[in-house]
Amino acid sequence: MKSKIRQLVATALEHMVTAGLLDATTKPIFTVERTRDPSHGDFASNLALILAKPLHLKPRAAAKIIVDAIPSSPIVSHIDVAGPGFINFHIDNTAFLELLSEILTEDANYGRSNQGAGTSIQVEFVSANPTGPLHVGHGRGAAYGSVVANLLETIGFKVHREYYINDAGRQMDILAVSVWIRYLELCGETLKFPSNGYHGDYVWDIAANLHRKHGNDYRHANTEIYFDLPLDAPDGDKEQFIDAMIAKAKKLLGPTNYRKIFNLGLDIILADIRDDLGHFGVHYDTWYYESGLVTSGAIDKCIEQLKQSGYVYENAGALWFKSSAFGDEKDRVVVRENGQSTYFASDIAYHLDKLNRGFDKIIDIWGADHHGYIPRMKAALQALGHDPSKLEVRLVQFVVLYLGKVRVSMSTRSGEFETLRVLRKEVTSEAARFFYVMRTCEQQFDFDLELAKSKSADNPIYYIQYAHARIRSVFRQAAEKGIAVEQGPCPLATLKLLNTAQEQAILRTLSRYPEVVESAALQYEPHQLTYYLQALANEFHVYYNSHTFLVEDAHLRTARLNIIRAVAVVLRNGLNLIGISAPESM
RNA sequence: GCCCUUGUAGCUCAGGGGAUAGAGCGACCGCCUCCUAAGCGGUAGGUCGGCGGUUCGAGUCCGCCCAGGGGUACCA
């Protein structure tokens, strides 16, 4: 609807140019927007305000000329000039009624479009290190990423969902050692757990699994382990200690056995993450292993390419990428003094691989703590001859968990974190998804567990679902009373009975849905959709309270059942985009 | 220090150049013989952090200041 109005205005512009009223070189950037105030019609354009200056006219005078140039359209009943010079379009009521029929015919497809025209777009999200279970912060990225992906798919993009598994770094070695130490404790050895190890209970579970399957196969005496090891914190350096511990584990166990423990930890945690996300309604096309980049030689190849680009130099034994040449605040190390490539190097290779796979656009959804990473990543792509604007990074701010007024700590290391799994069980996956996505992602989010799990009216998800359930209930009532109900649209003459203010408001809101989906998708802002659904649900509840649908008059009844069925369709489509069910009853 | 981000109703937040700044919760007052009261109506509540600019027009854009949060590794 909006695009049709915009087209009318654009045509008027062309007419003005051919009529010699306007220079063809002036390409005004004008808006066509929904009005807030119904007395301003349905759509408003600011074109006259923009054109006033080049035309040397007062805005209202310019508006008159524009209005005269606008071709007539069956969906526009009349056009006003109002306020400082806005052009207001009043949509013919018949157009809304025809749209109602369209919604019922299109059903689950209402809101879909081909705006994306099959452009391929990769959305990488969550990508949490497999060193422990997902926490509530990851949950936000998961909900956000999956809804953004759904939205883009709905408007015609070819979407590829991907999870990048950081299974090659030092953190994974720390996990392997943590598992081994816990295992040794289960074997009966007396050890002090490394202060920099992973303290969570899940490490015990993995160790128990190892012990159950392999008994004492990997056991070494504590004296052997601690021999010639530096001191741990607080008396020594915890980083040095854990690195020495990793080296010791590799030495005592040998590469094969070390790898077994390493892989056991990785596999168990990854399976847990996958299961967790699955229950959360998040599914991926690809689980991409960082280690694959190491074994395939992609990282070495990538470093070689960087060298050839000329943006690399050696300093103090390390290899640096000259990211400052592309706007980063300083240069970054890609190969350390000890010969190991950095996480950044893997990431460059990974992103290079993404582009080589032919995606037109790449969206990375990162935790806000990674924001300093954006300039260097874009710099690397540019140095390697790619268009850095193909990469779009969205940052998801932290979630701060509250239990009532008490702030809950979330550090993975301390083991006191609140996991996504616990959250899902407390508040349900659906409520959690909705809560996560109802706020803009770039703002810190206070998630009050007690509020979210209270099944009260505070929870907007129930409000929306309840509207849907109420509509379905009306149709059940109709069936029980033996009232025949048409599934599809009814004649226009019947729909014309929908003339109350509330019905008019609902029709307008229903017509906005495709615009909301498109805007939410293109701006990566799912919260636009949640706000819309709340507004639609509210209008329905108002309508429900003031009108009876199952009335004697068959025509009126049919018309009303048509409009509420359309409301149900849109509520269901919108909820499904967020990954939430539209219940038949509550 | 430098970079990013946020400051809008008592609380949590929408609105990101347009016409009278909105929603939910909380508070207060009402509405079930009637398709689900997990609902609806009404009232109260604002110098849009501050100052200065840009223009026909500024919560919205720019500059400075104040205040929160984050980042600033040869960690991932």
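Chain naming here is simple, since letters A, B, ... match the order of the sequence lines and numbering starts at 1 in each. Keep in mind it's a predicted model, so treat the numbers as computed, not measured.
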Just checking A/Lys481: base, sugar-phosphate only, or nothing, at a heavy-atom cut-off of under 4.0 Å?
nothing
So, is A/Arg332 near the phosphate of B/C74, with a side-chain N or O under 4.0 Å from OP1 or OP2?
no
Verify the contact: side-chain N or O of A/Lys330 to OP1 or OP2 of B/U72, cut-off strictly under 4.0 Å; return yes or no.
no
Return the nearest nucleotide to the side chain of A/Met586; candidates are B/A38, B/A19, B/U20.
B/A38
Give the nucleotide from the list B/C74, B/G18, B/C40 with an atom nearest to the side chain of A/Pro84.
B/G18
Side chain of A/Glu290 - closest among B/C74, B/G39, B/A76:
B/A76
When the P atoms of B/G53 and B/G10 are compared, how many Å lie between them, rounded to an integer?
29 Å
Do any side-chain nitrogens or oxygens of A/Arg60 fall under 4.0 Å of OP1 or OP2 in B/C56?
no
Would you say a side-chain N or O of A/Thr440 is under 4.0 Å from OP1 or OP2 of B/A14?
yes
Students often get this wrong, so: under 4.0 angstrom with heavy atoms, is A/Ala316 touching a base, only sugar-phosphate, or nothing?
base
Measure across A/Ser324 and A/Asp331 and return the closest heavy-atom pair with its distance rounded to 0.1 Å.
OG-OD1, 2.6 Å
5'-most contact on RNA chain B: A/Asp37 or A/Ala168, nearest heavy atom basis?
A/Asp37
Under 4.0 Å, heavy atoms only, any strand: does A/Tyr544 hit a base, just the sugar-phosphate, or nothing?
base
I need the CZ-P distance between A/Arg439 and B/C25, as an integer number of Å.
13 Å
Here the distance between atom C1' of B/G22 and atom CD of A/Glu539, to the nearest Å, is 14 Å
Using a 4.0 Å heavy-atom cut-off across all strands, classify A/Tyr373 as base, sugar-phosphate, or nothing.
base
Whichever of A/His541 and A/Phe86 has its nearest RNA chain B nucleotide further upstream toward 5':
A/Phe86
In whole Å, I'd like the distance from the OH atom of A/Tyr198 to the P atom of B/A76.
11 Å
Just checking A/Tyr311: does its OH atom have more than 12 heavy atoms from other residues, nucleotides or ligands closer to it than 6.0 angstrom?
no
Taking all atoms of both residues into account, what is the closest heavy-atom pair of A/Asp167 and A/Tyr289, and its distance?
OD2-CD2, 3.1 Å
From NE2 of A/His527 over to P of B/G24, roughly how many Å is that when rounded to an integer?
17 Å
Under 4.0 angstrom, heavy atoms only, what part of the nucleic acid is A/Gln477 near: base, sugar-phosphate, or nothing?
sugar-phosphate
A/His541, NE2: over 12 other non-hydrogen atoms inside 6.0 angstrom:
yes
Starting at atom CD1 of A/Ile374, determine the distance to atom C1' of B/U72, rounded to an integer number of angstrom.
14 Å
Separation of B/G39 P from A/Gln502 CD (nearest whole Å):
17 Å
Separation of B/C4 C1' from A/Met377 CE (nearest whole Å):
19 Å
Classify the side chain of A/Asp173 versus the base of B/A76 as yes if they form a donor-acceptor pair under 3.5 Å and no if they do not.
no
When you measure from the side-chain N and O atoms of A/Tyr532 to the phosphate of B/A23, is any distance below 4.0 Å, counting only OP1 and OP2?
no
With a 3.5 Å cut-off and just heavy-atom distances, do the side chain of A/His371 and the base of B/G70 make a donor-acceptor pair?
yes
Side-chain contact, heavy-atom cut-off 4.5 Å: A/Ile365 with A/Glu124?
no
Let's see if you can work this out: which of B/C13, B/A19, B/U20 has an atom nearest to the side-chain heavy atoms of A/Thr35?
B/A19
Mind calculating the distance between CG (A/Asn46) and C1' (B/G17) to the nearest angstrom?
9 Å
Within less than 4.0 Å of OP1 or OP2 of B/A37, is there a side-chain N or O belonging to A/Arg470?
yes
Have a look at A/Ala469 and say if it touches a base, only the backbone sugar-phosphate, or nothing, with a 4.0 Å heavy-atom cut-off.
base
Side chain of A/Ala82, heavy atoms from C-beta onward: which of B/A19, B/C3, B/C75 has the nearest atom to it?
B/A19
For A/His370, which contact category applies under a 4.0 Å heavy-atom criterion: base, sugar-phosphate, or nothing?
base
N-glycosidic conformation, B/G16 - syn within 90 degrees of 0, else anti
syn
Need one value for A/Ala44: base, sugar-phosphate or nothing, where a base atom within 4.0 Å counts as base even if backbone is also close, heavy atoms only.
base
Give me the ring orientation class for A/Phe540 and A/Tyr543: parallel if the planes are under 30° apart, tilted from 30 to 60°, perpendicular past 60°.
perpendicular
Closest to side chain of A/Asn88, choosing from B/A76, B/A19, B/C40:
B/A19
Side-chain N or O of A/Arg36 versus OP1/OP2 of B/A14: is the shortest distance under 4.0 Å?
no
Which one is paired to B/G22, where only Watson-Crick or G-U wobble pairs with both distances under 3.5 angstrom count?
B/C13
Considering Watson-Crick and G-U wobble pairs with both distances under 3.5 Å, what does B/C2 pair with?
B/G71
Scan side-chain atoms only and decide if A/Thr509 and A/Glu539 contain a donor-acceptor pair under the 3.5 Å cut-off.
yes
Find the partner of B/G41: check Watson-Crick (N1-N3 plus N6-O4 or O6-N4) and G-U wobble (N1-O2, O6-N3) distances, both under 3.5 Å, and reply none if neither fits.
B/C29
Tell me whether the OP1 or OP2 atom of B/C40 has a side-chain N or O from A/Asn538 closer than 4.0 Å.
yes
If pairing means Watson-Crick or G-U wobble with both distances under 3.5 Å, then the partner of B/G63 is B/C51
Which atoms form the tightest heavy-atom contact between A/Glu552 and A/Arg557, and what is the distance?
O-NH1, 3.5 Å
